[in-house]
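Contents: one structure, followed by commentary.
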Number of protein chains: 2
Amino acid sequence: MQSEAEDGTQTGAMITLTDVARAAGVGESTASRVLRGHGSFSTKTRESVLTAARSLGYVPNRIAGTLASMGSKLVGVVIPSLSNIVFPDVLRGANTVLVGAGFQPVVAVTDYDPEREESVIESLLSWRPAGMMVAGLEHTERTGAMLRNARIRVAELLDTDGEGIDIVVGFSNRKAGRVSAQHLMSRGYRCIGYVGHDLSLDLRAAKRFAAFRAALGEAGLSIIGEEIIRAASSIEAGRDGLARLLERCPDLDAVYFSNDDMAIGGYFHCLAHGITIPDRLAIFGYNGLDVARSAPQPLSTILTPRVTVGEIGARLVCSDGPSAVVDIGFELIEGATT
Amino acid sequence: MQSEAEDGTQTGAMITLTDVARAAGVGESTASRVLRGHGSFSTKTRESVLTAARSLGYVPNRIAGTLASMGSKLVGVVIPSLSNIVFPDVLRGANTVLVGAGFQPVVAVTDYDPEREESVIESLLSWRPAGMMVAGLEHTERTGAMLRNARIRVAELLDTDGEGIDIVVGFSNRKAGRVSAQHLMSRGYRCIGYVGHDLSLDLRAAKRFAAFRAALGEAGLSIIGEEIIRAASSIEAGRDGLARLLERCPDLDAVYFSNDDMAIGGYFHCLAHGITIPDRLAIFGYNGLDVARSAPQPLSTILTPRVTVGEIGARLVCSDGPSAVVDIGFELIEGATT
DNA sequence: GTGAAAGCGCTAACAG
DNA sequence: CTGTTAGCGCTTTCAC
C-alpha cells in the first residue's frame with residue numbers, strides 16, 4: 001500500500017529525493033535545485049517538482065544534505081542548568097536569532113560540572129555543528145582544545161572576566177560585585193552580610209562575591225557574617241540562609257545575596273517575621289528577575305540583559321566577522337529594599 | 001602542519017575514521033567496530049585503534065554515522081515557550097532521561113502558535129529524529145499527519161483531555177479546573193472571580209477555566225467577574241489584572257488565576273494594598289511553582305508534576321512498547337491563601 | 001577476527 | 001536550463 005494525499009502526507013516507505021525526481025520526470029539534481037531554490041530551472045519544472053514533492057509528502061533528509069554539503073545548520077548551546085530561569089532566558093534569545101537565520105539549536109546541560117561540560121561538548125561536536133555557544137569562560141583544558149580545534153564559531157556567554165576563545169558576550173561579574181558593594185556602602189550600610197549558594201561550581205557567582213568582598217575591604221569594611229548553603233540557589237535556600245545568618249549575626253543592617261532567587265527568599269523571610277525592609281535590614285540581589293521587579297517592594301538588584309546576551313551571541317556565531325569581546329554591561333536597579 | 005597531541009587534540013584538517021584506521025594499520029570497518037565496541041576484535045587491535053584515535057584527536061562524525069545506519073540519536077522537543085519556567089522544567093526531565101539513553105534533545109519553540117508548531121515540527125522532522133516530544137494534544141491537521149507518517153515515537157505532554165497520536169503523558173486540565181472550583185466552594189467562597197491571560201493560544205489554561213466555570217455552574221454559582229489580559233501570563237499581569245478586577249467587583253471573596261505567575265502577582269497586589277489573605281480575599285493558582293511554595297503565605301494551588309512528565313515522556317519515547325496514555329495526576333496544595 | 005565493497009540520501013561540480 | 005557522475009564519512013553485509 002502506497003497511497004498519496006493532497007494534504008502533504010503519505011503512507012508507506014520513506015520518500016526520498018529520487019522518488020520526487022522520478023515522479024516529476026526530472027533528474028535528481030534538478031529536483032534538489034528546485035527544492036532549495038538554488039541554481040536555475042524553468043517555471044514548468046519548478047511546478048512539477050513542487051507538486052510531486054507535495055503530493056508524495058516528501059520530507060527532505062537534512063542528515064544526508066549536511067553530509068553532502070559539509071555544512072550543518074545545527075548550533076550547540078551548552079548551559080549549566082535548566083532550573084534557574086536565567087539560562088532559559090539566554091536560550092530564548094539565542095533561539096530566536098538562530099531560527100531566524102535558519103539554524104537549529106541543540107541544547108546540552110552541564111549541571112555546573114566541568115567534566116560533564118567536557119563530555120557534552122564532545123558529544124555535541126560529533127554533530128558537526130556550525131557553531132557553539134557555551135556559558136562562561138572557564139573550561140577544562142581538553143574542552144578548550146576541542147573547541148579551538150573544531151574550526152567553528154564559538155561564543156562564550158555571560159562573563160567577560162577572563163580569556164575567551166573566539167567570541168565573548170556578556171558583562172563583568174567582578175564589576176557587578178563591586179558595584180553592589182558600592183551601592184550598599186553609599187546608602188550608609190556598614191554591617192553587611194552575605195547569603196550564597198554553593199560557589200565551588202557557580203564560578204560567576206564566586207567572582208561577584210570575591211569582588212564584593214574586595215570592594216568592602218578597600219573601604220575598610222568587611223563581611224560581618226556569611227551563610228553559604230551547600231546546594232543550588234533557590235528561594236527556599238535564601239529564606240533559610242537568611243534565617244540562620246540573622247540568628248548568628250542579629251546586628252546586620254544589609255545582606256548581599258548570591259542572586260535574586262536567594263534574595264527573594266530573604267525578602268520572604270523578612271515579610272514572614274515582620275523585619276522591616278530596608279530600615280531594619282536591606283537586601284540586595286543579582287539578575288533582575290520578574291518576581292523581584294513586581295514584588296510589593298521592588299528588589300534592589302542588578303539587571304542582567306540575559307536575553308540580549310543570547311541574541312548577540314547567536315548573531316555573532318552566525319556571522320563570519322573577527323573574534324570579539326562584547327561587554328553589554330548591566331543595570332543597577334535601585335529598588336525599595338535598600 | 002599536522003601535529004598531534006596527547007590530550008586528544010589536533011591541528012590541521014578534520015580527522016576521519018579512515019585516518020584513524022590507517023594510523024592504526026587496520027581496515028576502516030575494524031576501526032569502526034572498535035570505536036563503537038560492536039562486533040569482535042582482538043585486544044591488540046583494540047589498543048592500536050584507540051591509541052590512534054586519541055592521539056589524532058578523532059571526533060566521530062555522527063552525521064555520517066546516522067546516514068549510514070539509518071537511525072538517528074536525536075529527539076525533537078517542541079514546547080510553546082521558554083519564558084515560563086514550566087516548560088524548561090519539562091525539558092529538564094526529558095533531557096535527563098534522553099541523555100542517559102544516549103539521545104540528544106533538539107528543542108524548538110512555538111510561541112503557542114499552531115502554525116509555527118507546524119513549521120518547526122516539519123523542520124525538526126528533516127533531521128530524522130528517533131522520536132518527538134510535543135506539548136499538548138491540539139495540532140493543525142497537517143502537523144498531525146506529519147507526526148503520524150514519520151514512523152517514529154511521538155509523545156504528547158501535559159494534557160490528557162483529548163485524542164493522542166501515540167504516547168500521551170500528563171494529567172487532565174479539565175479535572176484540575178473542576179477540583180480548583182470544588183476546593184474554593186468547599187471553603188465557603190461564593191463570590192468568585194477569575195484573572196487570566198490570553199487563552200486563545202494557551203489551550204490548556206482555557207480547558208481549566210471552562211471546567212472551573214462549569215463546576216461552579218453545577219453548584220448554582222457563577223463567576224462574578226473576570227479580567228482577561230491580552231498578553232502572556234506574568235506576575236505583573238496578575239497584579240494589574242487583580243487590581244482592575246477588584247475595582248469593578250469589590251465584593252469578590254476569592255479569585256481563581258490562570259496560573260501561579262498570575263496568582264503570585266495577585267498575592268503581591270494584596271500585600272501591597274493591605275488586603276488580608278484569605279479573610280478578605282482568597283487566591284488560587286495553578287502549577288505549584290517554587291515561589292508560590294516559599295511565599296510567607298504558601299499559595300493554594302495545584303502542583304503539576306512537570307519534571308516527571310518530561311521524564312516519563314522521554315522514557316516512553318525511547319522505548320518500543322505500545323501506544324499508551326499515562327495520566328500521572330496532580331496534587332492539590334492547600335496553602336494559606338484559601 | 002578482519003577487510004573489501006556497496007551503499008545511506010543528498011549536493012556539487014561538470015558536461016551537455 | 002538539465003542530467004550524469006562523484007563523492008561526503010560512516011555502517012554493514014559478506015566473504016576471507
Side-chain angles (χ1 to χ4, degrees), chain A residues 10 13-50 52-53 56-74 102 123 125-130 150-151, chain B residues 10 13-50 52-53 56-74 102 123 125-130 150-151:
Chain A
Q10 105 295 333
M14 253 326 160
I15 301 304
T16 72
L17 184 60
T18 314
D19 300 322
V20 175
R22 186 157 28 219
V26 301
E28 269 187 71
S29 52
T30 305
S32 173
R33 274 180 234 125
V34 172
L35 259 9
R36 278 175 306 133
H38 226 68
S40 50
F41 36 78
S42 68
T43 318
K44 204 162 160 245
T45 29
R46 201 188 100 93
E47 288 313 313
S48 56
V49 170
L50 256 27
L56 288 173
Y58 173 64
V59 178
N61 184 335
R62 288 220 205 194
I63 297 281
T66 300
L67 181 59
S69 68
M70 311 219 37
S72 107
K73 282 297 197 174
L74 258 18
S123 147
L125 247 20
S126 75
W127 289 105
R128 293 290 186 275
R151 297 150 173 280
Chain B
Q10 104 297 332
M14 251 328 158
I15 301 302
T16 72
L17 183 61
T18 313
D19 300 322
V20 175
R22 186 158 27 220
V26 301
E28 270 188 69
S29 49
T30 305
S32 172
R33 274 181 234 123
V34 171
L35 258 9
R36 276 173 309 132
H38 228 68
S40 50
F41 37 77
S42 68
T43 317
K44 201 159 165 253
T45 30
R46 200 189 101 93
E47 288 313 313
S48 55
V49 170
L50 257 26
L56 287 173
Y58 173 64
V59 178
N61 184 335
R62 287 219 205 195
I63 297 282
T66 300
L67 182 60
S69 68
M70 313 219 28
S72 105
K73 282 297 197 176
L74 258 18
S123 146
L125 248 20
S126 73
W127 290 105
R128 292 290 186 274
R151 294 149 175 285

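Lettering follows sequence order; numbering is per chain, from 1. This is a predicted model, so every value here is computed, not measured.
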If you measure from [atom1] on [X] to [atom2] on [Y], what distance do you get to the nearest 0.5 Å?
X        : Y         : atom1 : atom2 : answer
Arg36(B) : Ser69(B)  : CZ    : OG    : 8.0 Å
Phe41(B) : Ser29(B)  : CZ    : OG    : 12.0 Å
Thr66(B) : Asn61(B)  : OG1   : CG    : 8.5 Å
Arg62(A) : Ser123(B) : CZ    : OG    : 5.0 Å
Leu35(A) : Arg46(A)  : CG    : CZ    : 10.5 Å

Under 4.0 Å: is that the gap between some side-chain N or O of [X] and OP1 or OP2 of [N]?
X        : N       : value
Thr45(A) : dT2(D)  : yes
Ser32(A) : dT11(C) : yes
Tyr58(B) : dC10(D) : yes
Thr18(A) : dG9(C)  : no
Arg46(B) : dG1(C)  : no

- Query: Taking only residues two or more places apart in sequence, or in another chain, which ones meet Thr16(A) in a side-chain contact (heavy atoms from CB on, under 4.5 Å)?
  - Reply: Thr18(A), Asp19(A)
Answer with base, sugar-phosphate or nothing: what part of the nucleic acid does [X] contact at a heavy-atom distance below 4.0 Å?
X        : answer
Ser42(A) : sugar-phosphate
Thr66(A) : nothing
Ser69(A) : sugar-phosphate
Thr16(A) : sugar-phosphate

- Task: Runs of at least three consecutive Watson-Crick or G-U pairs, both distances under 3.5 Å, are what I'm after; which ones involve DNA chain C?
- Result: C:1-11 with D:6-16, C:13-16 with D:1-4
- Message: Go nucleotide by nucleotide along DNA chain C from the 5' end; which of Ala64(B) and Arg33(B) gets its closest nucleotide reached first?
- Response: Arg33(B)
Separation of atom [atom1] in [X] from atom [atom2] in [N], rounded to whole Å:
X        : N       : atom1 : atom2 : result
Phe41(A) : dG16(C) : CZ    : C1'   : 20 Å
Glu28(A) : dC1(D)  : CD    : P     : 21 Å
Leu35(B) : dT11(D) : CG    : P     : 8 Å

Can a donor-acceptor pair under 3.5 Å be found between the side-chain atoms of [X] and the base atoms of [N]?
X         : N       : answer
Arg128(B) : dG9(C)  : no
Arg62(B)  : dG9(D)  : no
Ser29(B)  : dT13(D) : no

- Query: Do Val59(B) and Met14(B) touch side chain to side chain, with heavy atoms closer than 4.5 Å?
  - Reply: no
- Note on the structure: With Tyr58(A) as partner, the option from Leu50(A), Val20(A), Val49(A) fulfilling side chain to side chain contact (heavy atoms under 4.5 Å, CB included) is Val20(A)
- Consider the side chain of Leu67(A), meaning its heavy atoms from C-beta on, and name the nucleotide among dG3(D), dT2(C), dC8(D) that approaches it most closely. dC8(D)
- Note on the structure: Of the listed dG9(D), dC10(C), dG9(C), the closest approach to the Asn61(B) side chain comes from dG9(D)
